[in-house]
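Have a look at the structure below before the remarks.
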Protein chains: 2
Amino acid sequence: MRISEAAARSGLKVDTIRYYEAQRLVPNVVRGSDGHRRFSPENVDWLTLLYWLRETGMPMKVMQRFAALYAQGDATILDRKSILLDHSRLLAKRRDDLDRCDEILARKLEIYEEYLQ
Amino acid sequence: MRISEAAARSGLKVDTIRYYEAQRLVPNVVRGSDGHRRFSPENVDWLTLLYWLRETGMPMKVMQRFAALYAQGDATILDRKSILLDHSRLLAKRRDDLDRCDEILARKLEIYEEYLQ
DNA sequence: TCTTGACCTAAAGTTACTCAAGGCCGGTAT
DNA sequence: ATACCGGCCTTGAGTAACTTTAGGTCAAGA
C-alpha cells in the first residue's frame with residue numbers, strides 16, 4: 001500500500017514515516033517502478049509498533065537499536081525482548097507519574113475551591 | 001533559597017529553571033544583592049507544579065498561559081481551574097495510551113516467546 | 001593568594017520532528 | 001491535446017523545548 005494509507009493505519013504522519021525511514025527505523029521498504037514507497041502489512045505492523053513506542057516515550061536512540069536488531073532477523077529476538085521489557089518498566093513508571101500528578105492537581109483544585117466558594 | 005536547592009526540591013534542573021524564568025513561566029523571583037536568584041517556598045511550590053505538568057505532557061504554550069494567569073493573582077482562579085481540569089482529562093488519555101501500549105507489548109512478547117521455546 | 005564552587009548571561013547546539021519549496025507523474029475535465 | 005489536480009518525491013529550512021558551552025563575577029576555604 002502507499003504511504004498515506006500506511007500513515008492512516010499506523011497513526012504516524014506521512015512526514016514522520018519518511019523521516020523514520022531516513023533514520024533507518026523502518027527496514028525493508030521497497031519502491032514501485034514509479035519510485036514511490038510500497039508498504040507491506042508487516043511494514044505497517046512495524047510502524048504501528050513504532051507509533052506506540054514513541055507515544056509512550058521511547059527515545060529515538062533506543063528505537064534505532066531496536067530497529068537495527070529487527071533488521072537482522074530472528075536471531076535478535078532475545079535482545080528485542082529485553083528492550084520491550086525495559087520499555088514496559090518505563091510504562092509502569094509513567095503510570096506512577098500520572099498518579100502523582102493527579103494527586104497534585106487534586107490538591108490544587110481543592111485549594112482553588114476554597115477561594116471560589 | 002538558592003537555585004540549586006530549588007532545583008533539588010522541584011525536580012527541575014537548574015538550567016531548566018533559568019530557561020523557564022526567561023520564558024516568563026516563573027513570576028516573582030527576586031534577586032539578592034549579589035544578583036543571584038532567591039526562591040521562596042511559594043516559588044518552589046510553583047516550580048514543582050510546573051515540573052509535574054511538563055512531566056505529564058503539558059505544552060509550553062499552555063504553561064505560559066497558566067503562568068500569566070497565576071501572575072495576575074486570585075482573580076484568575078476560575079481560568080486556572082479550567083486549565084488544570086483540561087490537563088486532568090489529558091492525563092486520562094495518557095493512561096489509556098499506556099494501557100493500549102501495554103497490550104501491544106504483551107502481544108509482541110507472546111510472539112517472541114513462541115520463537116524462543 | 002590562589003583556587004574552587006556556585007552563581008550569572010548570551011548564544012550556539014541538539015532532538016525529533018514538521019513544514020515549505022520545487023518537481024515528477026498518472027488521471028480526468030475542457 | 002492541454003490544462004489542472006492530487007499524491008508522491010527530495011532537500012533543506014523552521015520549530016519546540018530544552019541543553020550545553022563560553023566567558024565572567026564573587027565569596028569562602030587551603
Side-chain angles (χ1 to χ4, degrees), chain A residues 1-26 28-40 43-44 46-68 83 87 90 94 97 101, chain B residues 1-26 28-40 43-44 46-68 83 87 90 94 97 101:
Chain A
M1 71 191 70
R2 54 216 173 94
I3 197 169
S4 58
E5 195 181 344
R9 284 185 198 269
S10 66
L12 293 170
K13 292 184 194 167
V14 168
D15 284 337
T16 309
I17 292 176
R18 285 201 275 256
Y19 171 70
Y20 277 8
E21 200 202 350
Q23 302 299 309
R24 315 196 163 286
L25 257 63
V26 197
N28 312 323
V29 181
V30 301
R31 301 290 180 118
S33 53
D34 53 2
H36 293 191
R37 294 170 183 81
R38 297 320 225 118
F39 294 86
S40 68
N43 287 152
V44 173
W46 178 250
L47 289 174
T48 306
L49 180 56
L50 289 186
Y51 171 80
W52 285 104
L53 293 176
R54 180 199 65 177
E55 210 61 9
T56 54
M58 179 177 283
M60 199 77 174
K61 280 183 182 167
V62 181
M63 284 205 253
Q64 263 156 357
R65 213 151 45 76
F66 188 53
I83 288 176
H87 189 64
L90 192 126
R94 282 188 190 270
D97 282 355
C101 187
Chain B
M1 69 192 72
R2 56 216 172 93
I3 196 169
S4 59
E5 196 181 342
R9 284 186 199 268
S10 66
L12 294 170
K13 291 185 194 165
V14 168
D15 286 335
T16 308
I17 293 176
R18 283 202 276 254
Y19 170 69
Y20 277 7
E21 200 203 349
Q23 302 300 309
R24 316 196 165 286
L25 257 62
V26 197
N28 313 323
V29 180
V30 300
R31 301 289 182 117
S33 54
D34 53 1
H36 293 191
R37 294 169 182 81
R38 298 315 230 118
F39 295 85
S40 68
N43 288 151
V44 174
W46 177 250
L47 289 173
T48 306
L49 180 56
L50 290 185
Y51 171 80
W52 285 105
L53 292 177
R54 180 199 65 177
E55 210 61 9
T56 53
M58 178 177 284
M60 200 76 175
K61 280 184 183 167
V62 180
M63 285 204 252
Q64 263 157 355
R65 213 151 42 78
F66 188 53
I83 289 175
H87 189 64
L90 193 128
R94 283 189 190 268
D97 282 356
C101 187

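Just so it is clear, the values below take in all heavy atoms, side chains as well, and ignore hydrogens, waters and symmetry mates. None of the values given here were measured: they were computed from a predicted structure.
Atom-to-atom, CG of B:Leu12 to P of D:dT19 comes out at 10 Å; the value is rounded to the nearest Å. Rounded to a whole Å, the CD atom of B:Glu21 is 11 Å from the C1' atom of C:dC8. In this structure, B:Leu47 places its CG atom 16 Å from C1' of D:dC18, rounding to the nearest Å. One interatomic measurement links the two molecules: CD1 of B:Ile17 to P of D:dT20, which rounds to 15 Å at whole-angstrom precision. To the nearest angstrom, P of C:dG5 lies 20 Å from CD of B:Glu5. Rounded to an integer number of Å, the gap from A:Phe39 CZ to D:dC9 C1' is 12 Å. Note: CG (B:Asp15) to P (D:dA22) measures 14 Å, nearest angstrom. In this structure, B:Tyr19 places its OH atom 16 Å from C1' of C:dT9, rounding to the nearest Å.
Annotation: side chain of B:Arg54 is in contact with side chain of B:Leu12 (closest heavy-atom distance under 4.5 Å). Considering only heavy atoms from C-beta on, B:Phe66 comes within 4.5 Å of B:Leu53 through its side chain. Between B:Gln23 and B:Met63 there is no side-chain heavy-atom pair separated by less than 4.5 Å. Using a 4.5 Å heavy-atom threshold, the side chains of B:Tyr20 and B:Met60 count as touching.
No salt bridge links B:Arg94 with B:Asp97; every basic N to acidic carboxylate O contact stays at or beyond 4.0 Å.
Closest approach to the A:Arg2 side chain among C:dA6, C:dA16, D:dG7 is made by D:dG7 (side chain taken as heavy atoms from C-beta onward). Closest to the side chain of A:Arg18, out of D:dT10, C:dC17, D:dC18, is D:dT10.
Along DNA chain D, the nucleotide closest to B:Met58 and the one closest to A:Ile3 are compared, and the more 5′ of them pairs with A:Ile3. Between B:Asp34 and B:Lys61, it is B:Lys61 whose nearest contact on DNA chain D lies nearer the 5' terminus. The nearest heavy atom of DNA chain C to A:Lys13 and to A:His36 marks one nucleotide each, and the one closer to the 5' end goes with A:Lys13.
Nucleic acid contact class of B:Arg37 (heavy atoms, under 4.0 Å, all strands): sugar-phosphate only. Within the nucleic acid shown, A:Arg31 comes within 4.0 Å of sugar-phosphate atoms alone, with no base atom in reach, counting heavy atoms only.
The shortest distance between the side-chain N/O atoms of B:Tyr20 and the OP1/OP2 oxygens of D:dA17 is not below 4.0 Å. Distances shorter than 4.0 Å separate some side-chain N or O of B:Thr16 from OP1 or OP2 on D:dT19. Between A:Ser4 and D:dC8 there is a side-chain polar atom (N or O) within less than 4.0 angstrom of OP1 or OP2.
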